[in-house]
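No hydrogens, no waters, no symmetry mates; every other heavy atom, side chains included, goes into these values.
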Amino acid sequence: MSVAELKVMSLEEYLDWESRQETKHEFYNGLVYEVYAMTGARDAHVTVAGNVFSLLRSHLRGTPCRTYIADMRLKVDAANAVFYPDVFVTCDPRDKPVEYEKAFPALIVEVLSPSTAAYDRGSKFAAYRLIATLKEYVLIDTASRSVDVFRKDESGHWVLYPSEGCTRVEFASVGLRAELEAVFEDVEAGREQWPPQTH
């Protein structure tokens, strides 16, 4: 992810401006508003996001929860920010009537890429932690085929549950245990390396 433009605008101005853009932009950072242009994703990134969406969508069918992928905006009022998570789930009835953005997720999943990993682990996670309804934040690394689940405990602390040594990943916020093989289905081992190898 790279900074394409630096614009000073209010949230309302951003939402109006964004509705007229051909590419997606994320909005974040209080006093000086940084607008991030989203670039095309690698095969592994798109495949894993699709796998996770499918697993969650199938598991939650018939429940009040809804699963969204890539193009649905997530508004974080407490951070004065708007993001496009790779996948997220909301079970909150307050999100149901809102057409273009949601605000009360229980679970957010981001698939890491070389250009977004530091942002996803740092500033974005800091913003996401301000969402009162959020119970889990999941980071998926396609290069190492690993999954880090950050889960909020009863005291409000975020605890890391890494996938090392496991064959399954648990999305406790929605009651789903998924095989890691299913998460990484159709992703060729070793194909995506960070940094890309040059010859």
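Between the side chain of R20 and the backbone N or O of D16 there is at least one donor-acceptor pair closer than 3.5 Å. At least one donor-acceptor pair closer than 3.5 Å links the side chain of N51 to the backbone N or O of E185. One N or O on the side chain of K24 and one on the backbone of A70 form a donor-acceptor pair closer than 3.5 Å. Between the H59 side chain and the V174 main chain, a donor and an acceptor come within less than 3.5 Å of each other. Side-chain atoms of D95 come within 3.5 Å of backbone atoms of F104 as a donor-acceptor pair (strictly under, hydrogens ignored). The backbone N or O of V187 lies less than 3.5 Å from a partner atom in the side chain of R145, making a donor-acceptor pair. Using a distance-only test at 3.5 Å, with no hydrogens or angles considered, no donor-acceptor pair links the side chain of T116 to the main chain of L112. Without hydrogens or angle criteria, E18 side chain to H25 main chain gives a donor-acceptor distance under 3.5 Å.
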* V149/E170 under side-chain contact (heavy atoms from CB on, under 4.5 Å): CA gap, chis, key distance, verdict -> CA-CA 8 Å; V149 178; E170 182 178 11; over 6 Å; no
* To do: Please step through side-chain contact (heavy atoms from CB on, under 4.5 Å) for the pair L74 and Y68, ending with a clear verdict.
  => CA-CA 10 Å; L74 179 63; Y68 297 95; over 6 Å; no
* Applying side-chain contact (heavy atoms from CB on, under 4.5 Å), run through D86 and V109 and close with a yes or a no. => CA-CA 6 Å; D86 287 315; V109 179; 5.5 Å; no
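Annotation: side chain of V183 is in contact with side chain of V52 (closest heavy-atom distance under 4.5 Å). Using a 4.5 Å heavy-atom cutoff, the side chains of L180 and S163 are in contact. Side-chain contact between C91 and T63 is absent, with no heavy atoms from C-beta onward closer than 4.5 Å. With contacts defined as side-chain heavy-atom distances shorter than 4.5 Å, the pair F150/L139 qualifies. Residues P105 and T133 form a side-chain contact, since some pair of their non-hydrogen atoms from C-beta on lies under 4.5 Å apart. The shortest side-chain heavy-atom distance between I140 and F184 falls under the 4.5 Å cut-off.
Shortest non-hydrogen contact noted between I69 and A49 is CD1-O, 3.8 Å. In terms of heavy-atom proximity, A132 sits nearest to K152 at O-NZ, 3.4 Å. The heavy-atom pair separating H45 from S113 by the smallest distance is ND1-CB, 4.1 Å. Considering all non-hydrogen atoms of both residues, I131 and A103 come closest at CG2-O, 4.0 Å.
To the nearest 0.5 Å, atom CD of residue E26 and atom CZ of residue F83 are 6.0 Å apart. The structure places CZ of F88 at 12.0 Å from CG of L56, a figure rounded to the nearest 0.5 Å. Note that the OG1 atom of T142 and the CD atom of E188 stand 12.5 Å from one another [nearest 0.5 Å]. In this structure, CZ in F171 is found 15.0 Å from NZ in K135, a value given to the nearest 0.5 Å.
Using cut-offs of 30° and 60° for the angle between ring planes, the F125 and W158 rings count as perpendicular.
Applying the side-chain hydrogen bond (donor to acceptor under 3.5 Å, both in side chains) test to residues at least two apart or on different chains, the pairs with a partner in residues 100-112 are R73-E101, E110-K124, E110-Y128.
Residues passing the side-chain contact (heavy atoms from CB on, under 4.5 Å) test with D186 are T47, sequence neighbours excluded.
With a 6.0 Å radius and a threshold of 12 heavy atoms from other residues, nucleotides or ligands, E179 has its CD atom above the threshold.
A donor-acceptor contact under 3.5 angstrom links the side chains of S155 and D153, judged on distance only.
Under a hydrophobic-cluster definition in which Ile, Leu, Val, Met, Phe, Trp and Tyr are linked whenever side-chain heavy atoms come within less than 4.5 Å, directly or via other members, L11 and Y84 are assigned to the same cluster.
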